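Just so it is clear, the values below take in all heavy atoms, side chains as well, and ignore hydrogens, waters and symmetry mates. Computed from a predicted structure; not experimentally measured. Atoms within a ligand are numbered from 1 in the order they appear, just like the ligands themselves.
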Amino acid sequence: MTTSAESETANRPYSPGLEGVIAGETSLSFIDGEAGRLLYRGYRIADLVRHGSYPAVANLLWTGDWDPAHRLATSDVPPTVMTILRALPRTTKPMDALRTAVSAWGATRDLPWPPTVEQARALTSFSPSALAAFARLRDGKEPVDPDPSLDLVEGFLYQLNGERPDAGTARALDAYFVVGAEHGFNASSFASRVVTSTRSDIASAVTGAIGTMKGPLHGGAPSEVVDQLSQVESAAHAEAWVREALAKGERLMGFGHRVYRAYDPRAAALREVAEGMDHKPDWLVLATQVEDVALRILGEKYPDRPLKTNVEFYAAPVLMGVGLKPDLFSAAFSLSRHAGWTAHALEQAANNRLIRPDVNYVGPAERDLPDLTRPPDLTRASASPPTALPSNEPAQGGATNPKPARP
Ligand code: COA
């Protein structure tokens, strides 16, 4: 039996995973998968990487204003948060440590709704310090205080390694942060908006977003590119390795995309930056050589389906090249996405409507609870699953013979 309300939702279109559903409006970013375009507030990602920096891009996302000279340094980790980071087991996953740190940071502050640009800025400048502190603590090293003279990404590397990075290294990671800053209604940004829509605070929104990004379907791919590149070992071996992998039905990590049919513009921007590095790490050289071979062979195998380089392919060698351990990759991605998550929180709050979709009910029809005062009928207990018992009818002999039958 279905009520009229149940049948009404059942007749409405349902798209698993909300695929293809327009779930909101944004002026933050535009993705054109066919043409391989990504715009932040109308500006091309390649131009933002070339002429901007992560703080400038974050400010653009938060305010809509383009100020290439905008600066943002990392900030102190409050003592309460540091105490919690010190208490975490060394085996804690960096994403868990970052999620915990952001949640604890929220507990140390008054974060009234609606969220503000100042709150977004404060949280975005806190998290790199927290991640760097945790990464050092787990290695038995003391955290390094922020250097306010350094911009956010350079400051993060300084607090992570205890020494200032060279300009090329800082630039490469900054480019990665720029391309990772925002990407439409991805799962974690949507999570940030859902939390914000309840009038919860910005730290809760970002805590939820980090938890969402932790899943391997969202934030986990670049370390697999590293695995594959290390299997390839050398450019001379690339063609044989790629052909063998495809013959075994394996996927080449860092190629193909659900949305982009053209070369992922984020990969193009990262490749350009990587190739401009003064000290190209071996990883980058190998990656560019393997990419050429992989694109040629994928083109031969799938002449009608464009399988191009995606952002993960160049994220991996850039992150390795700047000296991050692979288990920090997802957390570094999360640091970069702070700009987008907090910008989505601001945008949601500015025109808020509680996000509360409908759902199709597919469970049992309305029914009475079973009569638990009736002694169980042991002759039926093992033969029938409980849900198969008609709840409003007496079990066989139950009403007239309350004693269980003897075997
Ligand atoms: N290597 C080899 N073959 C690939 C491939 C890859 N990276 N990506 C897709 N294909 C092939 C599939 O095997 C499939 O071939 P088939 O028709 O012979 O079975 C065909 O292309 C279509 O694949 P499909 O899974 O429908 O494409 P998709 O657009 O849904 O998948 C990805 C997108 C990203 C999941 C997919 O390209 C992939 O697994 N890439 C590798 C992982 C990766 O880089 N992830 C990071 C994404 S940012």
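- Remark: Phe126 pairs with Trp105 by the ring pair (Phe, Tyr, Trp, His ring centres under 6.0 Å) rule, at least two apart or across chains.
- For ligand 1, one of its N or O atoms has an N or O atom of Phe255 under 3.5 Å away.
- The residue Glu224 has no part lying near ligand 1, judged by heavy-atom distances below 4.0 Å.
- Surrounding CZ of Arg44 are at most 12 heavy atoms belonging to other residues, nucleotides or ligands under 6.0 Å away.
- Residues Asp292 and Arg271 are paired through a salt bridge, judged by an N-O separation under 4.0 Å between the basic side chain and the carboxylate.
- Residue Gly256 approaches ligand 1 through these ligand atoms, each under 4.0 Å from one of its heavy atoms: 34 (C), 37 (O).
- Taking all heavy atoms of Lys301, Arg261, Arg305 into account, the minimum distance to atom 21 (O) of ligand 1 is reached by Arg305.
- Between Asn310, Leu246, Val242, it is Asn310 that holds the heavy atom closest to atom 43 (C) of ligand 1.
- Ligand 1 places these atoms under 4.0 Å from at least one heavy atom of Glu312: 46 (C), 48 (S).
- The aromatic rings of His344 and Phe185 sit perpendicular, their planes meeting at an angle over 60°, well past the 30° parallel limit.
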Give the table of side-chain donor-acceptor pairs shorter than 3.5 Å for residues 313-322, with sequence neighbours excluded, one pair per line with atom names and distance.
unit_1	atom_1	unit_2	atom_2	d
Tyr314	OH	Glu291	OE1	2.5

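- For Leu252, a nitrogen or oxygen atom sits less than 3.5 Å from a nitrogen or oxygen atom of ligand 1, counting backbone and side chain alike.
- Proximity of Arg258 to ligand 1, defined as any heavy-atom pair under 4.0 Å, is shared by backbone and side chain alike.
- The proximity of Leu307 to ligand 1, defined as any non-hydrogen pair under 4.0 Å, is limited to the side chain.
- Around the CD atom of Glu300, the shell of radius 6.0 Å holds more than 12 heavy atoms that belong to other residues, nucleotides or ligands.
- At a threshold of 4.0 Å, the pair Asp139-Arg136 does not count as salt-bridged, since none of the basic side-chain nitrogens sits closer than that to a carboxylate oxygen.
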- Residue pair Phe156, His338: steps toward the ring-ring contact (aromatic ring centres under 6.0 Å, His included) verdict: CA-CA 14 Å; Phe156 167 61; His338 270 54; over 10 Å; no
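- In this comparison of His257, Met253, Arg251, Gln228, the heavy atom closest to atom 35 (C) of ligand 1 sits on Arg251.
- In the candidate list Ala267, Gly249, Ala294, Gly254, Gly254 is nearest to atom 44 (O) of ligand 1, counting heavy atoms.
- Contacts with ligand 1 closer than 4.0 Å are made by no heavy atom of Val225, backbone or side chain.
- No part of Phe313 comes within 4.0 Å of ligand 1, judged by heavy-atom distances.
- Around atom NZ of Lys93, no more than 12 heavy atoms belonging to other residues, nucleotides or ligands sit under 6.0 Å away.
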